[in-house]
Amino acid sequence: LVMNKRKIIVVWAEDENGLIGKDNGLPWKKPEDLKHFKETTINKTIVMGSKTFEGLGKRALPNRTTIVLSQDLDYQADNVIICNSIEEALNSTDDDLYIVGGKAIYRAFSPYYTNLIKTEIKGSYEGDTYIDNTFNYLRFKLESIKQLSDDVIVKYFKRLSDEDYQ
């Protein structure tokens, strides 16, 4: 009997140029994207970097367990779990983890992803942070697509087993 490994799921949105961020926040205002994010992460454990957390006004999102990663050993914040390394975050819980940014955090967890949840936003926006080649799509297979609106679609990918990945 194979034990089901827990899932490490990355959740992000990008525009047509791979833009993901502006001033540690989102470059667009898309209520349907925010609703999707909330529905995806509600009652789950989310992991974010301290810059992304500060972009949220250093407030924990309601009805979610929030792990904040910081290299600052003295970092303090209310109502969140602070971890100083990827290993510490992975070991802090057996829950599925939803990795929600920013870019350095997406990169750091990339060897561990079991699932990708990618939101594609039509158009090009102004911002300062691009996803670049953070994910190796060859290791994943597209499972489903959900259209949220005319200009927002979500793609769900699942990691291929190592046997499938040649």
- prompt: Does Thr65 reach the side chain of Thr93, with side-chain heavy atoms less than 4.5 Å apart?
  reply: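 With C-beta onward as the side chain, the pair stays apart.
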
query: Between Val68 and Lys58, is any pair of side-chain heavy atoms under 4.5 Å apart?
result: no

Write down the atom of [X], the atom of [Y], and the distance for their closest heavy-atom approach.
X: Trp28; Y: Asp33; result: NE1-OD2, 3.5 Å
X: Val154; Y: Thr119; result: CG2-OG1, 3.7 Å
X: Asp74; Y: Asp72; result: N-OD1, 2.8 Å
X: Asn133; Y: Arg107; result: N-NH2, 4.0 Å

message: So for atom NZ, which belongs to Lys158, do other residues, nucleotides or ligands contribute more than 12 heavy atoms lying within a distance under 6.0 Å?
response: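 Atom NZ in Lys158 is not crowded, with 12 or fewer foreign heavy atoms closer than 6.0 Å.
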
field: Non-neighbouring partners of Lys155 that pass salt bridge (Lys or Arg N to Asp or Glu O under 4.0 Å), sequence neighbours left out
entry: Glu120

List for me each residue that meets side-chain hydrogen bond (donor to acceptor under 3.5 Å, both in side chains) alongside [X], sequence neighbours excluded, and say none if there are none.
X: Glu32; result: Ser149
X: Gln147; result: none
X: Tyr130; result: none
X: Thr41; result: Arg64

Could you pull out all donor-acceptor pairs under 3.5 Å where a side-chain atom in residues 42-54 meets a protein atom, sequence neighbours excluded?
residue: Thr45; atom: OG1; partner: Asp95; partner atom: OD2; Å: 2.9
residue: Thr52; atom: OG1; partner: Gly102; partner atom: N; Å: 2.9
residue: Glu54; atom: OE2; partner: Tyr75; partner atom: OH; Å: 2.7

- prompt: Quick one: which of Trp12, Phe109, Phe157 gives a ring pair (Phe, Tyr, Trp, His ring centres under 6.0 Å) with Phe135?
  reply: Trp12

- request: List the steps, then state whether side-chain contact (heavy atoms from CB on, under 4.5 Å) holds for Ile67 with Glu88.
  value: CA-CA 10 Å; Ile67 296 173; Glu88 190 184 346; over 6 Å; no

- request: Find the distance between CG (Asp15) and CG (Asn17) and round it off to the nearest 0.5 Å.
  value: 5.0 Å

